[in-house]
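Here's the structure, in structure tokens; my notes come after.
The sequence lines fix the lettering, A, B, ..., with proteins before strands; numbering per chain opens at 1.
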Number of protein chains: 2
Amino acid sequence: MRAIAEAAGVALGNAYYYFGSKEHLIQEFYRRTHREHLAAAAGVLAEEVEFKERLLGVMRAKVDTIMPYHRFAGVLFKSAADPASPLNPFSVESAPLRAEATALFAVVVEGSRLRLGRELRAALPGLLWTYHMGVVLFWIHDVSPGCRRTYRLVERSVDLVARLVALSRLPPLRPLTRAALRLVDDPAGED
Amino acid sequence: MRAIAEAAGVALGNAYYYFGSKEHLIQEFYRRTHREHLAAAAGVLAEEVEFKERLLGVMRAKVDTIMPYHRFAGVLFKSAADPASPLNPFSVESAPLRAEATALFAVVVEGSRLRLGRELRAALPGLLWTYHMGVVLFWIHDVSPGCRRTYRLVERSVDLVARLVALSRLPPLRPLTRAALRLVDDPAGED
DNA sequence: GTCTATAGCAAGATAGAC
DNA sequence: GTCTATCTTGCTATAGAC
């Protein structure tokens, strides 16, 4: 809070005039970066129809968007890591924003020429959100100049994801696809 | 440190007679649970020759081993999350233990009847270590009774991994396998 | 609305008696 | 070796003047 207040050019106490708590402030920060991500991704999503290119554009836009905050990524992650924290991406408090982010990946899929089975189509946005969290996790630890390694990871992993998804419809891979969907579906007995 | 000292039945100050810092204590804790994991996994590794069963046994042993410490998983993860912390699994300080854990997965592979290409054989232990960290991450957040969901994740994901690895040799999947290996290999230009 | 000052607390670590 | 007592720090959050 001290660092943020200083960066904002206001006194520490003043931050609490606008935000009820540290958690509220950070939640708002996350909302803001998500809106920035939406804006940064709008271009490719309007132009591209190829799934792979759409995903690549969205992932690059993601890294571009959060890059200015790489310095704070460590502290933010420390807060988010606590399973009991509302800032944890899997918490109920994070559910709305998580849903919005997942919706973006749904747009990536829906706006593409990708042909998919019903089940995979339903599950894919959530899977892509998880994938994107993995990339962010990598980015947090990335100390390479300009986070070049993260960008390379994005390029290569998007390629891999696109291949996997495309192949998933092939008959020999159907059982594997079904197994993967069962893994993520978790039907009925939630616990 | 206070909680640990209390659980150990000693005074807070006394903990610092045995451990130079919190980090040293936790590192030792990690070493200890790893040794316990080795012991718990020894049985299956001695008996089974099927890759899938070996991996399943090792993963179940892992969850069994860490289960008593589920209460502390949150705090421990908070420490480990900081990229600057020596407790971070990707830190240099964690490198020796990470290597030992990876070696265990090498044993899983080597002791099995699995036929693999040279490159995948070399990369697989590290990939399995990463996979196992993902399972641990899930376990940290798992609040289901007895962490049933984690055990189910292990069963299903091991099945999936085994299928994937088995299929990786098939000619139509070779390019995908090569792409996956490139993803993880990161040759030459480390950054 | 913004400031300064400070309350309150949790946690890591140390001092020094026994 | 083990204890109690305490130091120090770092942080969230609040009080109250302006």
Side-chain angles (χ1 to χ4, degrees), chain A residues 1-34 66 68-97 136-137 140-141 143, chain B residues 1-34 66 68-97 136-137 140-141 143:
Chain A
M1 294 299 284
R2 278 170 175 76
I4 290 164
E6 191 185 354
V10 299
L12 167 66
N14 200 14
Y16 286 91
Y17 179 79
Y18 293 99
F19 301 96
S21 70
K22 185 184 75 160
E23 277 70 27
H24 284 94
L25 185 147
I26 297 183
Q27 280 274 11
E28 183 54 37
F29 168 74
Y30 287 152
R31 271 193 287 273
R32 197 193 187 106
T33 52
H34 177 62
I66 59 182
Y69 315 108
H70 193 248
R71 272 182 53 206
F72 314 118
V75 229
L76 291 174
F77 184 42
K78 258 186 85 169
S79 297
D82 184 355
S85 168
L87 296 176
N88 188 293
F90 303 103
S91 70
V92 282
E93 289 87 347
S94 301
L97 193 53
V136 172
L137 184 58
I140 290 169
H141 292 84
V143 292
Chain B
M1 293 300 283
R2 279 168 175 76
I4 289 165
E6 192 185 354
V10 299
L12 166 65
N14 200 13
Y16 286 92
Y17 179 79
Y18 292 99
F19 302 96
S21 71
K22 186 185 75 159
E23 277 69 28
H24 285 94
L25 187 147
I26 297 184
Q27 279 273 11
E28 182 54 37
F29 168 74
Y30 288 152
R31 270 193 287 272
R32 198 193 187 107
T33 53
H34 177 60
I66 59 183
Y69 315 109
H70 194 247
R71 273 182 52 205
F72 314 117
V75 228
L76 290 174
F77 185 42
K78 258 185 85 171
S79 296
D82 184 355
S85 168
L87 296 176
N88 189 293
F90 304 103
S91 70
V92 281
E93 289 87 346
S94 300
L97 193 53
V136 171
L137 185 59
I140 290 168
H141 291 85
V143 292

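- When the local axes at the two ends of the helix from C:dG1-D:dC18 to C:dC18-D:dG1 are compared, using 5 base pairs at each end, they differ in direction by 20° after rounding to 10°.
- Near DNA chain C, meaning a heavy atom under 4.0 Å from it, residues 74-87 of chain A has no residue at all.
- Of all the residues in residues 15-30 of chain B, B:Tyr17, B:Tyr18 reach under 4.0 Å from DNA chain D with at least one non-hydrogen atom.
- Applying the side chain to side chain donor-acceptor pair (under 3.5 Å) criterion to A:His24, with sequence neighbours excluded, gives A:Ser21.
- How far CZ of A:Phe29 is from CG of A:Leu76: 5.5 Å, rounded to the nearest 0.5 Å.
- Remark: B:Asn14 is in phosphate contact with D:dC3, judged by side-chain N or O atoms under 4.0 Å from OP1 or OP2.
- Side-chain contact between A:Ile26 and A:Phe19 is absent, with no heavy atoms from C-beta onward closer than 4.5 Å.
- Between A:Ala81 and B:Ala81 the shortest heavy-atom distance is CB-CB, 3.6 Å.
- Residue whose closest nucleotide on DNA chain C sits further toward the 5' end, between A:Val10 and B:Met1: A:Val10.
- The structure places CG of A:Leu25 at 12.5 Å from OH of A:Tyr18, a figure rounded to the nearest 0.5 Å.
- Counting only residues at least two apart or in different chains, salt bridge (Lys or Arg N to Asp or Glu O under 4.0 Å) contacts with residues 7-33 of chain B comprise B:Glu28-B:Arg31, B:Glu28-B:Arg35.
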Between the protein and nucleotides 5-10 of chain C, are there any N/O to N/O pairs under 3.5 Å, and if so, what are the atom names and distances?
none

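- Put simply, CD1 on A:Ile4 is 14 Å from C1' on D:dA13, counting in whole angstrom units.
- A pairwise comparison of heavy atoms in A:Pro83 and B:Ile140 identifies CG-CG2, 3.6 Å as the closest pair.
- Across all their heavy atoms, B:Ser91 and B:Pro86 have their closest contact at OG-O, 2.8 Å.
- How far CD1 of A:Ile66 is from OH of A:Tyr30: 10.0 Å, rounded to the nearest 0.5 Å.
- In this structure, B:Tyr16 and B:Met1 have side chains that are in contact, with non-hydrogen atoms separated by less than 4.5 Å.
- The two residues B:Ala80 and B:Asn88 make their nearest non-hydrogen contact at O-ND2, 3.1 Å.
- Between the CD1 atom of A:Ile4 and the CD atom of A:Glu6 there is a distance of 11.5 Å, given to the nearest 0.5 Å.
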